[in-house]
Amino acid sequence: MWTKCWNASKNCRLVASQHIADAACSVLLTRDPVTKARNARQIAEAWRLGNISHTDLSDTHPPDRPSRPAKPELLPPGQMPRRRLGSVHGRQALLHAIAHIELNAIDLAFDMLARFNGDIPVRDRHEFVSDWISVGDDEARHFMMIQNRLLEMDSHYSALPAHDGLWEAAEATSDDVLARLAIAPLVLEARGLDVTPGMIRNLTSVADHASASLLQTIYDEEIGHVAIGAKWLKKLATAKGKDPAECFRHYVSERFKGTLKEPFNHDARELAGLERHFYTNIIH
Ligand SMILES: [Fe+2]
Ligand SMILES: [Fe+2]
């Protein structure tokens, strides 16, 4: 497909436009994390410039697992080393774990686009792509913020082991957009809202204000990601004649391996449109 595009010098020219599924797959298939983050940000910019199409359907299928480098080694969640933030090694380990979450979050946002854009009614698809591409753009920026902070602290992403829990959750929800929305943004990202304020306090208490400030930025923006997840779960469940809260509770019971851990950050969840009756008293 060809579209008209205005470039920075205001010259009108024709450029080839890529389908969103193909563009999203190119992120998933990028192995090097920094290149993946840069690719994600370039695709978000191409979308904003109108150079990516979304209306027709695509035959592209996303990979079961995104491409990843040989390192970090992936360990079961229970075998991850404990972190003590008083030492630089403890803070490197915390930031490394966050970088790994952000890298997974890039892939989760672009997998949402590659895997599920065709399930969205055409009238809603532009909004769906805009929302999830903005999430993917944020996640790529978050990854680079943390990677750069690790470099300042004489470390880097892949220097330590990481765990594979996030992509296991993605694989458990690869057949159903409602299941994916329930588990990825509304369980896993919402959990980030619960635990990040405590990490910011702990980093501040050991005077690592630079890392605390990055986590504050991430926290503020993650409220928006949970809000996008809540909006689409409500919209798509309602369109199918389902009650959104019951739909969420059904998928958490059926697809989420763990239990929802308290204490919850009710204020941040409420701000994101994830009301208490969605997530309290779920029976596993
Ligand atoms: Fe993030
Ligand atoms: Fe996020």
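Whatever order the structure lists them in is the order used to number ligands and atoms, beginning at 1. Because the structure is a prediction, the values reported are computed rather than measured.
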Problem set entry | Any N, O or S atom of H142 closer than 2.8 Å to the Fe ion (ligand 1) |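 It does: H142 brings an N, O or S atom closer than 2.8 Å to the Fe ion (ligand 1).
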Problem set entry | Heteroatom test (N, O or S) for E139 near the Fe ion (ligand 1), limit 2.8 Å |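 So E139 counts as coordinating the Fe ion (ligand 1), yes.
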With a 6.0 Å cut-off on ring centres, are [X] and [Y] close enough?
| X | Y | value |
| --- | --- | --- |
| Y157 | F143 | yes |
| H126 | W47 | yes |
| Y279 | F248 | no |

For this session: Please work out the angle at the Fe ion (ligand 1) defined by atom OE2 of E222 on one side and atom OE1 of E102 on the other, rounded to 10°.
Result: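 Between OE2 of E222 and OE1 of E102, the angle at the Fe ion (ligand 1) is about 160°.
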Problem set entry | salt bridge (charged side-chain N to carboxylate O under 4.0 Å, His left out) assessment of K235 paired with E127 | CA-CA 12 Å; K235 198 171 176 121; E127 184 183 353; 3.3 Å; yes
Exercise. By atom name, which N, O or S atom of H225 is the nearest to the Fe ion (ligand 2)?
Worked result: ND1
For this session: Give the atom name of whichever N/O/S atom in E189 sits closest to the Fe ion (ligand 2).
Result: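 That would be atom OE2.
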Exercise. Are a donor atom and an acceptor atom from the side chains of Q216 and D220 found within less than 3.5 Å of each other?
Worked result: yes
